[in-house]
Amino acid sequence: MCDFRTSTVYQIYPKSFLDTNGDGLGELRGVTAKLDYLKELGVDYLWLTPFFVSPQNDNGYDVADYRQIDPRYGTMDDFEELSREAEKRGLGLMLDMVFNHTSTEHEWFRKALAGDPKYKDYYIWKKGKPNGEPPTNWESKFGGNAWEYVPQFDEYYLHLFDKTQADLNWDNPEVRSEVADVVRFWMAKGVKGFRFDVINLISKGAFEDDSQGDGRRFYTDGPRIHQYLRELNEATFGQDPGIITVGEMSSTSMENCFRYAGAESHELSMVFSFHHLKVDFMGNEKWVLVPADFHKLKDILFSWQQGMAAHDAWNAVFWCNHDQPRVVSRFGDEGTYWKQSAKMLANVIHCLRGTPYIYQGEEIGMTNAGFTDLSQYRDVESLNHFQILRDKGMSAQSAYNILNVHSRDNARTPMQWDASPNGGFTAGTPWIGVNPNYTRINAQAQVGDPDSIFTHYQTLVRLRKEYGVIACGDFEALDPGHPAVLAYRRRWQGDTLYCISNFYPKPCTWTCPEALEGCQVLLSNYPDARASTALELRPYESLVLLRRS
Ligand code: GLC
């Protein structure tokens, strides 16, 4: 039973992981230097965000060459060394493939701009409207219209993200074959997994104005998406059962995910969906301040758990990544209950049905950046939206308050290794500010401490391997209407697991619909936790209970 069900993936943002040459940017050698730490945590796969040649307008998600390592991150020799050293420790590398778009500095786009018709058709071009407006009113995810005008063609190209990230034309079979070549190139280097960036946006539908929204309904889970994924699967990773894949699915539907990640669909191993992380948005609008809706959070998590299980499809389960604020700041407590809330949030995710993902620093309870000035921000999305909010007349302070909560830079501050200057991340000047709380929150202070957040994560990773019920059990929500408690049950081959968590700092009572006496406490965030049917839960208290038949 050693497959992705028993595995845990650890996500590395190399730029912010470890700098070994003092230039302020982390690189591949930094990852190699920390493999023993990752081995100690017990994870199985390392997802590395893109380190390919790139102008870095979107921190590497704007790829200019899929086969070369950006010198800022190292060399191919460094990659091969990392790969060898990871393999020695039983860790698989998972690469991040950005195929919805390329950088406008990619050779294909440069040739397109030079007028080569073969390469022009690698991208999506349209004429403007007769009134001089762009072809459609679609909005870029990073703000502004999604079309960029090119005078020499009197046409616009589509960019769903930054204007330096031009969308590829997947309807062109040559594009699909180029992409498959890239995947095979990295398979030949021995990588063990792939994460496909915004992969459900690759098949565009009608190019029409969206009178109801920002255009996403015309290109999300588009008309030929399943065909393209099955083709890619068959031409590449589908030939090697040892490879795991995860698709990043933007604004997707569950029905589509049944197919993307269905056991029999020959598309992907699993999917990231994001609906549970929009519970502090207003609809799809992220740049607002609204309290998180706990009932919505439970509703979404639970319905995805049930739906995917009922269709034999597999979720990636997670709170954090390089695009999300830090979860302890978002749904937990940075202050008095920092440790308890971080452990509670870990239990909630790691006992679910799906493959858990840990984002660097989450395992030590890293918090949001706490930036107070625009000069501290680096992320293109944050910088653009700050300006958009200001243009709408919002005060700088109110715009900062929103960035503070939602900016992607919250997740991108350097990994806090120890209490030395810059948290041990760099001997130089870090490319983005280190959170000053590194003197208190750092890996060195936690590894080996039985009560630390790190040890708690380590235990969760191990329990998934030891107990089939965590890896393979079914899923049932318990008392979903409770105002403060998130609880569920898993069952497998006579074992029953309960995960019960108080999501709030206030103590509360909770009565389980099933008798819990006699259950073993597998894990908790309070040392003296006990199983009983009527529970008095302390602030953020969380229990993982097991009954064996
Ligand atoms: C994904 C990445 C994000 C990037 C975007 C465009 O959402 O996770 O970081 O900006 O795709 O490639």
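Both ligands and their constituent atoms are indexed starting at 1 by order of listing. Side chains included, hydrogens not; waters and symmetry mates left out as well; all remaining heavy atoms used.
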How far is atom 10 (O) of ligand 1 from the closest protein heavy atom, and which atom is that? Asp58 OD2, 2.5 Å
Report the part of His101 in contact with ligand 1, treating N, CA, C, O as backbone and CB onward as side chain, heavy atoms under 4.0 Å; options are side chain, backbone, both, neither. side chain
Which bit of Phe99 is near ligand 1, meaning a heavy atom under 4.0 Å away: side chain, backbone, both or neither? neither
Looking at every non-hydrogen atom in both residues, tell me the closest pair between Cys257 and Thr252 and how far apart they are. SG-CG2, 3.5 Å
Students should be able to answer this: which protein heavy-atom is nearest to atom 7 (O) of ligand 1, and at what distance? Glu248 OE2, 2.9 Å
Indicate, as side chain, backbone, both or neither, the part of Arg195 found under 4.0 angstrom from ligand 1 when only non-hydrogen atoms are considered. side chain
Tell me whether the rings of Trp287 and His385 are parallel (<30°), tilted (30 to 60°) or perpendicular (>60°). parallel
Look at the aromatic rings of Tyr359 and Tyr13 and report parallel, tilted or perpendicular, splitting at 30° and 60°. perpendicular
Has Gln324 got any heavy atom lying under 4.0 angstrom from an atom of ligand 1? no
Could you check whether His350 and Tyr457 have their ring centres less than 6.0 Å apart? yes
Can you tell which part of Lys141 has a heavy atom less than 4.0 Å from ligand 1: side chain, backbone, both or neither? neither
Does Asp409 come within less than 4.0 Å of Arg378, counting only side-chain N to carboxylate O? no
Sequence neighbours excluded, the answer for ring-ring contact (aromatic ring centres under 6.0 Å, His included) partners of Phe294 is Phe503, Tyr504
Got Val9 and Val43 here, is their nearest side-chain heavy-atom distance under 4.5 Å? no
For this output row, return yes or no: ring centroids of Tyr156 and Trp138 closer than 6.0 angstrom. no
Identity and distance of the protein heavy atom lying nearest atom 11 (O) of ligand 1: Asp197 OD1, 2.9 Å
One finds that the ligand 1 atoms under 4.0 Å from a non-hydrogen atom of His322 are 2 (C), 3 (C), 8 (O), 9 (O)
What residue and heavy atom of the protein are closest to atom 9 (O) of ligand 1, and at what distance? Asp323 OD1, 2.8 Å
Which heavy atom of the protein is the closest neighbour of atom 5 (C) of ligand 1, given with residue, atom name and distance? Phe161 CE2, 3.8 Å
